[in-house]
Structures are given as structure tokens and as C-alpha cells.
Amino acid sequence: MKTNTLTWFAMACLPFIINCKPEELAKVTKLQTGNITEITYNSAKVSATFIDLSGNVSGFGHCWNTSGNPTAADSKTTVSGTAQKGEYFSNLT
């Protein structure tokens, strides 16, 4: 009788164990830089792609400068809307 109860308990818990995926527990946002197109003297169109989202993205866009590695403290654009998987674009001026 104990063996049957233990077997039933293990079978009942199996779907919960299978559905608990480690990558969902430690999910991070993955972003791939894209292309720079429509380049003019003082503007350009740039793209990027969200490969995966953690759910913690409160804002997104592109930042740039003319002297080195850009940071969010440099010139930037902010894209309106909710972050979702796929490509997005910004116009830099």
C-alpha cells in the first residue's frame, strides 16, 4: 500500500517537475545589434532585435556618440511602446 501511494505521489508531481524549466528561472534579456541604414550627413536609421526578454525592460532604444563606446549618458533615442521579441528601429539625428 505504501508503494502504491508513493508511486501515485511521484506521478502527480511529475508534471510540476517537468514544467519547471531552469532557463525560465534565470531568464535575461538578449539583444542583437542590427544594421545602420539611410546614412546622411547628420542622421541614420538603426535597428536591433530582442532575441529574448526577461520582463524587466522598462525602456529601450539606441544610444550613440562620435568618440568611442556609447553609454546611456550619451545621445540616445527611446522607442515608445512595450518591448517584445523582434526587431525595432530608431532614427538617430
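Applying the side-chain hydrogen bond (donor to acceptor under 3.5 Å, both in side chains) test to Thr77 and every residue at least two apart in sequence or in another chain returns Ser90. In this structure Ala48 satisfies the side chain to side chain contact (heavy atoms under 4.5 Å, CB included) test together with Leu31, His62, Tyr88, sequence neighbours excluded. For Asn91, there are no side-chain hydrogen bond (donor to acceptor under 3.5 Å, both in side chains) partners two or more places apart in sequence or in a different chain. By the side chain to side chain contact (heavy atoms under 4.5 Å, CB included) test, Glu87 is found to be paired with Ser47, Thr49, Phe89, residues two or more places apart in sequence or in another chain being considered. For Ser67, the side chain to side chain contact (heavy atoms under 4.5 Å, CB included) test picks out Asn65, with sequence neighbours left out. Residues satisfying the side chain to side chain contact (heavy atoms under 4.5 Å, CB included) criterion with Thr71, sequence neighbours excluded, are Ala73, Asp74. Thr40 meets the side-chain hydrogen bond (donor to acceptor under 3.5 Å, both in side chains) test with Ser43; sequence neighbours excluded.
Sorted pairs that involve residues 65-84 and meet ring-ring contact (aromatic ring centres under 6.0 Å, His included), not counting sequence neighbours, are lacking altogether.
Atom CZ of Phe60 and atom CD of Gln84 lie 7.5 Å apart (nearest 0.5 Å). Rounded to the nearest 0.5 Å, atoms NZ (Lys30) and CG (Asp52) are 5.5 Å apart.
Members clustered with Ile36: Ile39, Val46, Trp64, Leu92, by chain and number, using a 4.5 Å side-chain heavy-atom cutoff among hydrophobic residues.
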